[in-house]
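To start, the structure itself, in structure tokens.
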Amino acid sequence: MTVLEEQRVTRSTGAVSLRGLTKRFGDGPNVLEDVSLDVAEGEFVCLLGASGCGKSTLLNLVAGLDRPSAGSVHVPGGRAALMFQEPALLPWLTATQNVELALRLRGVGKSERRVRSNELLELVRLSGAGGKRVHELSGGMRQRVAMARALAQDSHVLLMDEPFAALDAITRDVLHEELVRIRESQQLTVLFVTHNVREAVRLGDRVVLLSSRPGRVAKEYPVGIAHPRRIESPEVARLSVEITDDLRTEIRRHGAH
Amino acid sequence: MSVLDSRRGGGNGNNDDLASLEAGLDALETHLDTRASRWRKLLSATWPPVLAIVGLLGVWELIYRSGVKPTYALPSPADVGLVLRDQLSDGTLLEAMGTSLTRGGLGFLAALAIGTPLGLLIARVRPIRRGIGPLVSGLQSLPSIAWVPAAIIFFGIGDAAIYAVVLLGATPSIANGMVSGIDQIPPLYQRVGKVLGARGLSAARHVLLPAALPGYVGGLRQGWAFSWRSLMAAELIVHSPELGQGLGQLLDFGRSNNDMSLVFAGILGILVVGIAVELCVFAPLERRVLRRRGLLVARS
Ligand SMILES: Nc1ncnc2c1ncn2[C@@H]1O[C@H](COP(=O)(O)OP(=O)(O)O)[C@@H](O)[C@H]1O
Ligand SMILES: [Mg+2]
């Protein structure tokens with residue numbers, strides 16, 4: 001374990017702290033059960049789990065869109081920004097207007113909105129596409145606008161719910177690189193949800209494996225691989241194999257009975 | 001090893017590579033907008049209805065010549081054309097069209113002012129939806145001519161009775177359009193609004209209303225159609241010398257004088273106003289709303 005990771009373990013309250021988080025819908029079974037997780041300031045944590053294990057539910061709880069049945073969510077920096085699983089841009093607005101809406105709802109003045117939204121679109125390399133409407137943008141461009149809009153919320157915590165799942169492999173690869181770059185330049189804390197093991201290892205400082213039904217923290221893996229990483233690299237592959245094996249074991253448990 | 005240290009080693013060249021790669025991907029995935037020329041489109045949209053009308057006139061002429069009906073009951077297209085010319089040149093028809101259009105427009109605007117907040121209330125307040133919702137959808141299927149006797153008894157013969165019928169005819173459509181517009185909003189948009197910090201009024205203004213617009217515009221279009229029909233029903237029955245002469249009154253005048261050509265001219269006037277408002281106001285409005293959202297499927 002490196003010095004940096006040791007520091008993370010010892011720090012008590014981080015950017016996000018979940019304690020005994022439990023969630024069920026109505027009279028149903030627990031979707032999440034007793035999840036405790038700390039994300040340190042500036043850390044990039046990937047939440048990994050089979051689909052249906054409660055990843056989106058967990059992010060919704062952290063974003064304050066839903067209330068836990070038990071346990072607590074603590075985000076000391078205030079409201080976290082959330083990027084949805086689906087492309088969630090508002091189709092009656094242009095790319096720029098989508099970003100500006102986030103600023104406007106935060107009470108940012110008109111002239112500053114212009115400046116800031118231009119900066120953010122430049123950050124995701126979409127300066128030229130600000131006037132386009134959502135349906136005129138490709139999938140990758142939409143997710144970058146969504147990223148700019150999430151950054152416009154000016155929260156240091158960014159929650160991402162499988163944001164690249166619907167993209168083709170080449171675009172996804174490029175956006176991985178973009179995300180790492182932006183996260184570094186904006187010093188973001190990221191909680192990134194995915195069901196893709198390699199994606200998790202490619203991006204995260206730490207990978208947290210969730211079990212299914214109920215969702216709990218099954219295991220955690222520090223990712224000690226230096227950036228720049230590539231999804232094809234042997235180091236990424238090695239850890240991915242280890243995590244995949246654990247994930248399969250986890251999934252098999254459900255077939256046994 | 002932290003992200004920051006290692007990334008600096010990557011240098012700027014890496015960053016530029018990524019930028020150009022991304023620019024290439026964006027270019028490859030962006031659709032090129034190809035639109036046929038306006039004139040060609042207009043032309044190709046015009047000739048089929050023109051052809052249909054010419055055909056219809058031909059059939060009419062044939063029936064006229066066959067003599068199944070006496071001329072007073074079925075005048076020839078040419079007779080009607082002559083009456084139409086007289087009516088147009090002495091201004092009677094245009095004046096009637098103007099009077100009716102003003103009434104229909106004002107009635108529609110009043111229905112808009114009542115139907116919009118009513119729709120919002122029905123969509124957003126559960127007890128109101130339960131209580132009034134079914135009533136308003138039911139009213140939509142009530143032929144508005146059924147209101148005419150009640151309006152005459154209540155208001156007497158006059159403009160108030162006419163406007164009451166238009167209002168009762170159009171308001172339910174507009175309210176229902178608003179309700180279905182709001183019901184069709186994907187839940188995702190409201191969650192987006194919530195994440196971005198929209199509350200109450202700002203959520204309504206920035207998310208709810210724009211998201212409901214396509215359904216609402218559909219309701220407006222239908223509301224206009226109902227206004228116009230209700231107005232004609234009302235004008236046919238409610239008439240007195242003191243009242244302005246609308247198209248409906250012109251029709252009734254034609255009927256009482258057994259003047260079929262005048263009746264046909266009146267019907268034509270009603271059609272022309274209805275179609276003109278549809279083509280000049282509602283069709284472009286709807287197209288605009290849908291095109292902005294990428295919901296307009298290009299049809300050739
Ligand atoms: N609003 C809801 N009402 C009832 N059940 C829900 C709701 N949202 C999610 N669930 C259930 O919770 C489980 C986890 O869902 P979700 O968090 O979307 O999984 P994931 O994002 O990991 O694929 C699923 O079984 C789903 O059916
Ligand atoms: Mg999900």
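Throughout, protein chains are lettered first and strands after them, A, B, ... in sequence-line order, and every chain is numbered starting at 1.
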Quick one: does [X]'s side chain get under 4.5 Å of [Y]'s, heavy atoms only?
X	Y	answer
B:Pro210	A:Leu90	no
B:Arg191	A:Leu82	no
A:Gln153	B:Val195	yes
B:Arg292	A:His135	no
B:Arg291	A:Arg133	no
A:Arg149	B:Leu196	yes
A:Trp92	B:Leu213	no
A:Leu105	B:Arg199	no

Measure distances from B:Ala203 to the heavy atoms of chain A and classify the residue's part below 4.5 Å as side chain, backbone, both or neither.
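Neither part; nothing is under 4.5 Å.
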B:Ala19 to A:Arg125 - nearest heavy-atom pair and separation:
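B:Ala19 and A:Arg125 have their closest heavy atoms at CB-NH1, 3.3 Å.
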Closest heavy-atom pair and its distance - A:Phe84, B:Val192:
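That closest heavy-atom pairing would be CE1-CG2, 3.6 Å.
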Would you compute the distance between atom CG of A:Leu126 and atom CG of B:Asp26 and round it to the nearest 0.5 angstrom?
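Output value for this atom pair is 6.0 Å.
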Could you go step by step and tell me if B:Glu22 and A:Glu177 meet the side-chain contact (heavy atoms from CB on, under 4.5 Å) rule?
CA-CA 11 Å; B:Glu22 214 159 45; A:Glu177 220 163 311; over 6 Å; no
Taking A:Arg106, A:Arg104, A:Arg144 one by one, which has the highest count of heavy-atom pairs under 4.5 Å against chain B?
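When all of A:Arg106, A:Arg104, A:Arg144 are compared, A:Arg144 has the most.
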Around atom [atom1] of [X], are there more than 12 heavy atoms from other residues, nucleotides or ligands closer than 6.0 Å?
X	atom1	answer
B:His206	NE2	yes
B:Leu201	CG	no
B:Leu271	CG	yes

Side chain / backbone / both / neither for [X] at chain B, heavy atoms under 4.5 Å:
X	answer
A:Asp168	side chain
A:Arg229	neither
A:Val174	both

